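Below: one structure, written as structure tokens.
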Amino acid sequence: MRQYEYWIFFSIGILFSLSLQGQSSLPVGQVLSSARHDRTVDLQQQHIDFISGTNQNIPFVDQISLRSETERFQVFRQQYLARLTVNGFGEMHQQHKLNQASMMTETQVRKVYEHEALNQRYEAAVLYRFILQRMALQEELILVYQDKVDVLKKLTALSTGVEVDDLIKTEYDRDGLNLDMEEARTQLDIIKGKIATWVLVPDTDWNLDTSGFIDPAHMELVVDQIPSQADHNPSIIEKQYKLDQVQAEYNVEKASASQMLDFFQVQYARRTDGLLNREFSAGIGINLPFKGSSRVKIANLQINRNNLEQNIQLNLEQFNQSVKTAHEQMTSLIRRYNLAKEQWNQSQNKFTLDHSSLVRADGPMTLLKAREMQIKRQLTLLDLGKQIVDQYIIILDLTGVLSSVPSVNYLSKHLENY
């Protein structure tokens with residue numbers, strides 16, 4: 001490991017090791033896997049199960065009616081009619097395909113919910129790690145400020161020409177960091193509460209294991225290997241399934257309007273004259289190919305289908321543009337990150353700390369200022385790293401890779417399955 005990397009992570013590792021003592025370690029993969037049983041996912045699965053248990057197919061027999069009629073108000077001249085109204089085989093077939101399309105849409109909605117829940121867990125894990133790392137550095141910076149305050153007070157008391165403004169500013173910076181630390185602790189508690197709810201563990205007595213966390217160099221390799229298009233984004237796929245569903249509805253309505261066979265009927269009449277004193281007759285109803293009022297519904301379905309097609313095309317273009325922008329921003333951030341590392345490696349502050357014996361004659365303030373600048377450079381690197389991983393997750397989210405199968409922990413350097 002290079003010297004600058006040692007200084008960047010040394011203090012952070014100390015805080016992590018102390019915080020992990022006596023506490024259980026929670027793997028990131030366990031947090032990510034909890035997305036499969038998110039509340040929204042479970043409720044949608046219950047809805048799917050309910051739909052599966054409900055018969056939505058159109059039966060062949062639509063209606064059975066029995067009629068009776070008295071001719072000339074004479075009871076002995078009674079007529080009876082039985083009519084069987086039926087549905088068309090084409091309409092029945094198209095309705096079955098519509099049911100399948102609707103089920104595919106509901107199943108994809110469940111995948112969208114799972115994808116969104118997974119994205120929340122990725123963001124929570126990244127923010128959890130970032131807050132702990134930043135708090136570790138801020139804690140060290142507070143100690144440096146406190147040492148500077150103590151030294152400045154002593155120098156002021158000795159009337160060595162120290163500017164009081166330096167003391168006031170240092171105290172202000174120290175107190176501001178303490179406020180930031182308090183806010184960070186609150187934010188960390190909120191994140192831990194969310195994670196505890198997701199994985200059903202206590203709010204305390206555990207720490208998220210972020211060892212082996214992916215670094216910017218590996219993120220860049222992962223991004224280069226995944227498609228830069230959003231065709232597999234779950235939201236885009238859901239809209240495509242909805243388009244198929246509207247098309248199936250159109251086919252059902254068209255088949256219903258084209259149905260020719262309407263009904264079968266049998267009629268029986270009693271008569272006082274004639275040989276058998278009774279008459280039987282059978283009939284069949286045929287619809288003429290005239291759409292009538294169904295033409296309006298068919299037209300509306302065509303309009304909806306065209307609207308969905310345009311929305312899918314527009315959303316896909318917007319997603320693809322967002323992926324391209326995230327790629328560009330991530331590339332730019334990585335260049336800045338590498339430059340910041342190189343600046344740190346060549347900085348005079350690092351030289352001062354590595355060769356403190358050369359500046360010992362200048363007193364403790366030189367070393368304290370050097371350490372202050374060192375920690376601030378580390379904070380800059382940390383902030384850039386957070387921005388890089390944010391763009392990394394955006395790319396995984398928009399391209400749909402985040403929830404692809406098999407499930408991969410993209411926050412791990414080794415990309416383990418979970």
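Quick caveat: nothing in here was measured; it's all calculated off a predicted structure.
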For this session: Answer whether the closest heavy-atom distance between the side chains of Tyr250 and Gln302 falls below 4.5 Å.
Result: yes

Exercise. OH of Tyr145: more than 12 outside heavy atoms within 6.0 angstrom?
Worked result: yes

Exercise. Salt bridge or not for Glu372 and Lys369, using N-O below 4.0 Å?
Worked result: no

Seminar exercise, completed: With sequence neighbours left out, the residues meeting ring-ring contact (aromatic ring centres under 6.0 Å, His included) with Tyr418 are none

Problem set entry | Side-chain heavy-atom pair Leu177, Leu141 within 4.5 angstrom cut-off | yes

For this session: Give me the one residue out of Gln329, Met330, Met219 that meets side-chain contact (heavy atoms from CB on, under 4.5 Å) with Ile395.
Result: Met330

For this session: Taking atom CZ of Arg36 as the centre, report whether more than 12 heavy atoms of other residues, nucleotides or ligands fall under 6.0 Å from it.
Result: yes

Problem set entry | Test item: Asp173 and Lys169 side chains (from C-beta on) under 4.5 Å apart, heavy atoms | yes

Exercise. Is Arg67 close enough and on-axis enough to Tyr80, meaning under 6.0 Å and within 45°, for cation-pi?
Worked result: no

Exercise. Can you list the residues that meet the ring-ring contact (aromatic ring centres under 6.0 Å, His included) rule with Phe60, with sequence neighbours excluded?
Worked result: Phe89

Problem set entry | Chi angles and distances behind the side-chain contact (heavy atoms from CB on, under 4.5 Å) call for Asn338, Ile334 | CA-CA 6 Å; Asn338 292 333; Ile334 290 177; 3.6 Å; yes

For this session: Report yes or no: do Gln267 and Gln79 form a side-chain donor-acceptor pair below 3.5 Å?
Result: yes

Problem set entry | Beyond-backbone contact of Val149 with Arg174, side-chain heavy atoms, under 4.5 angstrom | yes

For this session: State which residues pass side chain to side chain donor-acceptor pair (under 3.5 Å) with Ser256; sequence neighbours excluded, sorted by chain then number.
Result: none

Exercise. Heavy atoms, side chains only, cut-off 4.5 Å: are Phe263 and Leu84 in contact?
Worked result: no

Exercise. Any side-chain donor-acceptor pair under 3.5 Å between Asn417 and Asn409?
Worked result: no

Problem set entry | Salt bridge flag under 4.0 Å for residues Asp180 and Arg134 | no

For this session: Go through the steps to decide whether Asp397 and His115 satisfy the test side chain to side chain donor-acceptor pair (under 3.5 Å), and finish with yes or no.
Result: CA-CA 8 Å; Asp397 174 30; His115 181 88; 2.5 Å; yes

Exercise. Are side-chain heavy atoms of Ile214 and Val222 found at a separation under 4.5 Å?
Worked result: yes

Problem set entry | Arg185 with Asp189: basic N within carboxylate O range, under 4.0 Å | no

Exercise. Do Tyr241 and Val109 come close enough that some side-chain heavy atom pair is under 4.5 Å?
Worked result: no

Problem set entry | Between Asp42 and Gln46, a side-chain donor and acceptor under 3.5 Å | no

Exercise. How far does CG of Leu32 sit from CG of Asn119, to the nearest 0.5 angstrom?
Worked result: 10.5 Å

Exercise. Could you give the distance from OG1 (Thr107) to CD1 (Ile48), rounded to the nearest 0.5 Å?
Worked result: 4.0 Å

Problem set entry | Heavy-atom pair with the smallest gap, counting every atom of Ala340 and Leu384 | CB-CD1, 4.1 Å

Exercise. Taking it one step at a time, do Tyr268 and Leu81 satisfy side-chain contact (heavy atoms from CB on, under 4.5 Å)?
Worked result: CA-CA 6 Å; Tyr268 162 75; Leu81 183 143; over 6 Å; no

Problem set entry | All salt bridge (charged side-chain N to carboxylate O under 4.0 Å, His left out) counterparts of Lys194, not counting sequence neighbours | none

Problem set entry | Separation of Leu98 CG from His93 NE2 (nearest 0.5 Å) | 12.0 Å

Problem set entry | Arg110 and Glu106 ion-paired at < 4.0 Å | no

For this session: Decide whether Gln387 and Asp383 meet the rule of one side-chain donor and one side-chain acceptor closer than 3.5 Å.
Result: no

For this session: List for me each residue that meets salt bridge (charged side-chain N to carboxylate O under 4.0 Å, His left out) alongside Lys324, sequence neighbours excluded, and say none if there are none.
Result: none

Problem set entry | Between CD on residue Gln247 and NZ on residue Lys254, distance to nearest 0.5 Å | 9.0 Å

For this session: Let me know which of Lys97, His96, Gln95 forms a side-chain hydrogen bond (donor to acceptor under 3.5 Å, both in side chains) with Asn99.
Result: Gln95

Exercise. Hey, does Trp198 have a side-chain heavy atom less than 4.5 Å from the side chain of Arg121?
Worked result: yes

Exercise. What pairs with Asp175 under salt bridge (charged side-chain N to carboxylate O under 4.0 Å, His left out), at least two apart in sequence or on another chain?
Worked result: none

Exercise. Could you give the distance from CD1 (Ile195) to CG (Leu200), rounded to the nearest 0.5 Å?
Worked result: 13.0 Å

